[in-house]
Trainee: 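Below: one structure in structure tokens.
Quick note: numbers below take in every heavy atom, side chains included, and nothing from hydrogens, waters or symmetry partners.
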Amino acid sequence: MLLPSSDSLREKFASMFDKYFVANLCKVILLSGVILYLASIFLFKDPNCPSPYEYSPISHLFPSNDTNLSHLVFGLLGSEKAWHYRKSYIELWWRPKLTRGYLFLDESPNANLLPWSKNSPPYRVSNNITKLVKETHHIAPIMARMVHGIKELFDQEHEGVRWVIMGDDDSIFFLENLVDVLAKYDHNKYYYFGGQSEYILSNFWYSFNQGFGGAGIIMSFPLAKALAQDMESCLRRYPFLKSADLITMTCIVDLGGSFIPLKGLHQIDLHGDISGFLSSHPKEPLISLHHFDAVAPIFPSMNRIQSTKHLMKVAKFDQSRMLQQTICHHRPNNWTFSVSWGYSVHVYEKIMPRSHLIIPIETFDTWSGRPQNPPYYMFNTRGNVEESCETPHIFFLKSIGKTRNKNEIMATYSRSAVRKLPGCPISGNHPANYVNKIQVYSPRTKRAEMDRCECCDIIHTTGSNKAQVKLRECLTNEKIA
């Protein structure tokens, strides 16, 4: 047997080495290119670029199975007459060319609404179901039209949809929070989410197991599809039900679905000043607000639209912290600060526990008359008392923006009115009447987990009219009391 010469072996090994070197060099170059490309996206990103919740022009290069805004479709039900003054609410959160869905009007828009605003959802006129209503002698034709809107939305748009959201023409949604919440659920299963009424009798009159449409009714795609296919049969089965939300719930239950309440969806079945409610928001992401026409403007010295714009400006900075309540103490003065991020700050002249401050102050009134005896609401309330130690100094959001430190957001709150009460007489406590501005600093990174509220530190020099609050993650076993 002849063995190859040393020269031929060297040539063979050289050839193998060249192939190996070239192949690995190509891999290194390719990997380096990908790393440089990703670095250019994350390190040199234009602040005006769409957020990860919006469509991405390079999404086809990096396919993701995560739920995003493109997987949601909205059906908003409204009237032509109301749209003249309600469209401002919708246009504050709707993102043209990014948000999917339609506004369903009861009749074609008149000349005052045309040409149709590019900032509004595209509109459709609701189908004429008069024949069905007459055949079934439906007790509430308008309600039947609203429920039928679910089928009409599904027929218009369902390609690539994971979640169907129905709302009213004055429902305000917080899209980033909505996407984050829905991303935690399997859209391939039957899910029916909604918000209950804050007014206990509304739930009693209709159902404790239904979602109220103004707060938003959310259905996973398979459930919405099944409901759309069963729609006419459903309306024929229940011509005696006079509430669109109740009809929807009943039909969903017939299909095997069950209602799951989400505390971040708010019907706002309240009247008057709802600042007490908003200042003690549940520890859940804020998803929707409704009935802004039925309550007082949420910010003093502003009308309803101005107030809504002011709140939605905050939403552009950080929706994960919207209305989230953070409580901390300034021990030298025995003060307690309760921060409702992006909305208000309450300062009490004594040390108070979080277990007390998470209960909303009853600044508001009931939705439909006041029953002779409680309970009135689906949550506990505190009395709006005129007592020095129990009545807070109230500050509302004045401005918000970035700081020189790119990792921080600063929100400034100013006093709404002089609290015409003496200082808290408890020994060791100090008056806070001279404080008129509070600056709240928070991280620019959104809160990924909501298992625990944030903590905060207070910086204040005795006699200064300004206080600073810095939000941070709580330490292990840190108590807020």
Trainee: Check Lys151 with Glu232, please: is the shortest side-chain N to carboxylate O separation under 4.0 Å?
Mentor: no
Trainee: As a test of understanding, state which of Arg95, Lys316, Arg321, Arg447 forms a salt bridge (charged side-chain N to carboxylate O under 4.0 Å, His left out) with Glu176.
Mentor: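 By the salt bridge (charged side-chain N to carboxylate O under 4.0 Å, His left out) criterion, Glu176 pairs with just one of Arg95, Lys316, Arg321, Arg447: Arg95.
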Trainee: Check whether Tyr376 forms a cation-pi arrangement with Arg370 (NZ or CZ under 6.0 Å from the six-membered ring centre, at most 45° off the ring normal).
Mentor: yes
Trainee: Any side-chain heavy atom of Thr326 sitting closer than 4.5 Å to one from Trp341?
Mentor: no
Trainee: Can you tell if the side chain of Ser117 reaches within under 4.5 Å of the side chain of Glu91, non-hydrogen atoms only?
Mentor: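 Of all side-chain heavy-atom pairs linking Glu91 with Ser117, at least one is under 4.5 Å.
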Trainee: I would like to know whether Tyr185 and Phe193 meet ring pair (Phe, Tyr, Trp, His ring centres under 6.0 Å); could you show each step before the answer?
Mentor: CA-CA 11 Å; Tyr185 296 90; Phe193 299 117; 4.7 Å; yes
Trainee: Using distance alone, with no hydrogens and no angle criterion, decide if Ser279 and Ser344 have a side-chain donor and acceptor under 3.5 Å apart.
Mentor: yes
Trainee: For Ala144 versus Val133, what's the shortest heavy-atom pair and its separation?
Mentor: CB-CG2, 4.4 Å
Trainee: Please name all residues satisfying ring pair (Phe, Tyr, Trp, His ring centres under 6.0 Å) with Phe154, sequence neighbours left out, ordered by chain then number.
Mentor: His158, Phe221
Trainee: Would the number of heavy atoms belonging to other residues, nucleotides or ligands and lying under 6.0 Å from CD1 of Ile359 be above 12?
Mentor: yes
Trainee: Got a salt bridge between Glu152 and Arg124, using NZ or NE/NH1/NH2 to carboxylate O under 4.0 Å?
Mentor: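 The answer is no: the pair does not qualify as a salt bridge.
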Trainee: Suppose we call two aromatic rings close when their centres sit under 6.0 Å apart. Are His281 and His266 close by that rule?
Mentor: yes
Trainee: If you compare the SG positions of Cys455 and Cys328, is the separation below 2.5 angstrom?
Mentor: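 With an SG-SG separation of 2.5 Å or more, Cys455 and Cys328 do not form a disulfide.
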Trainee: Between Asp230 and Arg237, does any NZ, NE, NH1 or NH2 come within less than 4.0 Å of an OD or OE carboxylate oxygen?
Mentor: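 Yes.
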Trainee: Can you find a pair of side-chain heavy atoms, one from Asn110 and one from His84, that are under 4.5 Å apart?
Mentor: yes
Trainee: Could you tell me whether Arg472 and Asp457 have a side-chain N and a carboxylate O separated by less than 4.0 Å?
Mentor: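 Salt bridge present between Arg472 and Asp457.
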Trainee: Going by an N to O cut-off under 4.0 Å, is there a salt bridge joining Arg444 and Asp318?
Mentor: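 Salt bridge flag = no for Asp318 with Arg444.
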Trainee: Tell me whether the rings of Phe277 and Phe379 are parallel (<30°), tilted (30 to 60°) or perpendicular (>60°).
Mentor: tilted
Trainee: Which class fits the ring pair Phe292 and Tyr89: parallel under 30°, tilted 30 to 60°, perpendicular over 60°?
Mentor: perpendicular
